[in-house]
Amino acid sequence: MSETQSDAGAGWVTFAGIILIAVGFFQAFIGLVGLLEDEVLVVTPDYVAQLDATTWGWVHMIIGLIVLGAGFGIFSGNVLARTVGVFAALGSMISVFAWLPWYPVWGIILIAMNIAIIWAL
């Protein structure tokens, strides 16, 4: 393996770590908003995943903190953190997909960021 390939790989891992931290922060913040001020979240009728704002707050808070932790773990060079990062990004994508009717543009942005994370890891 040449030094150029190794540098490129390290760059993508760094990118993934930074984006994991950003997505984790965004998702935890969404969760915090849902927990503290649930009137801010829009309620959409007749959707399969009908959860109240407080439940969505807890879902986003827990997944966001896991993603955030995986992002910080990436910088330790731990292979387990990479694996957790991929699965955390996948879980984040699934939860945001279920949340799309409430905030579709923001959800699509977070899904795209999670795809970039999985690709980079």
Side-chain angles (χ1 to χ4, degrees):
M1 179 181 276
S2 72
E3 188 175 319
T4 306
Q5 290 175 332
S6 179
D7 290 345
W12 283 114
V13 170
T14 302
F15 168 79
I18 291 169
I19 298 300
L20 268 168
I21 291 169
V23 167
F25 174 76
F26 293 152
Q27 200 155 4
F29 186 74
I30 291 167
L32 187 63
V33 168
L35 291 173
L36 297 179
E37 192 65 43
D38 60 353
E39 292 85 27
V40 172
L41 300 179
V42 177
V43 178
T44 304
D46 300 328
Y47 187 65
V48 175
Q50 289 184 3
L51 301 173
D52 67 344
T54 304
T55 305
W56 274 122
W58 280 112
V59 168
H60 285 297
M61 178 69 76
I62 291 167
I63 292 175
L65 291 175
I66 292 169
V67 171
L68 188 64
F72 283 115
I74 291 292
F75 291 110
S76 70
N78 189 340
V79 176
L80 179 62
R82 284 177 149 186
T83 306
V84 170
V86 169
F87 285 108
L90 180 64
S92 175
M93 277 189 349
I94 292 168
S95 73
V96 171
F97 178 76
W99 194 59
L100 275 177
W102 286 271
Y103 289 97
V105 174
W106 184 241
I108 290 169
I109 290 169
L110 284 175
I111 288 172
M113 291 174 79
N114 282 304
I115 290 170
I117 290 166
I118 292 170
W119 180 76
L121 290 176

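None of the values given here were measured: they were computed from a predicted structure.
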For residues [X] and [Y], determine if any side-chain heavy atom of one lies less than 4.5 Å from a side-chain heavy atom of the other.
X: Ile109; Y: Phe26; value: no
X: Asn114; Y: Ile117; value: yes
X: Ile18; Y: Phe75; value: yes
X: Leu20; Y: Phe72; value: no
X: His60; Y: Val33; value: no

Provide the closest heavy-atom pair for [X] versus [Y] in the form atom of the first, atom of the second, distance.
X: Leu100; Y: Ile108; answer: CD2-N, 3.8 Å
X: Met113; Y: Val23; answer: CB-CG2, 3.6 Å
X: Gly85; Y: Ala70; answer: CA-CB, 3.8 Å
X: Ser92; Y: Val67; answer: CB-CG2, 4.1 Å
X: Gln27; Y: Gly64; answer: CB-CA, 3.8 Å

To the nearest 0.5 Å, how far apart are [atom1] in [X] and [atom2] in [Y]?
X: Ile19; Y: Trp12; atom1: CD1; atom2: CH2; result: 10.0 Å
X: Leu68; Y: Ile63; atom1: CG; atom2: CD1; result: 13.5 Å
X: Leu32; Y: Met61; atom1: CG; atom2: CE; result: 4.5 Å

Single-linkage hydrophobic cluster, 4.5 Å side-chain cutoff, [X] and [Y] together:
X: Ile74; Y: Val79; value: no
X: Val84; Y: Leu65; value: no
X: Ile66; Y: Leu110; value: no

Open item on the list: Would you call the rings of Phe29 and Phe25 parallel, tilted or perpendicular, taking 30° and 60° as the class edges?
Closed with: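 It falls in the parallel class, under 30°.
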TODO: State which residues pass side-chain contact (heavy atoms from CB on, under 4.5 Å) with Ile115; sequence neighbours excluded, sorted by chain then number.
DONE: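 Listed in chain order: Met93, Ile111.
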Open item on the list: Just checking Phe87: does its CZ atom have more than 12 heavy atoms from other residues, nucleotides or ligands closer to it than 6.0 angstrom?
Closed with: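 No, not enclosed.
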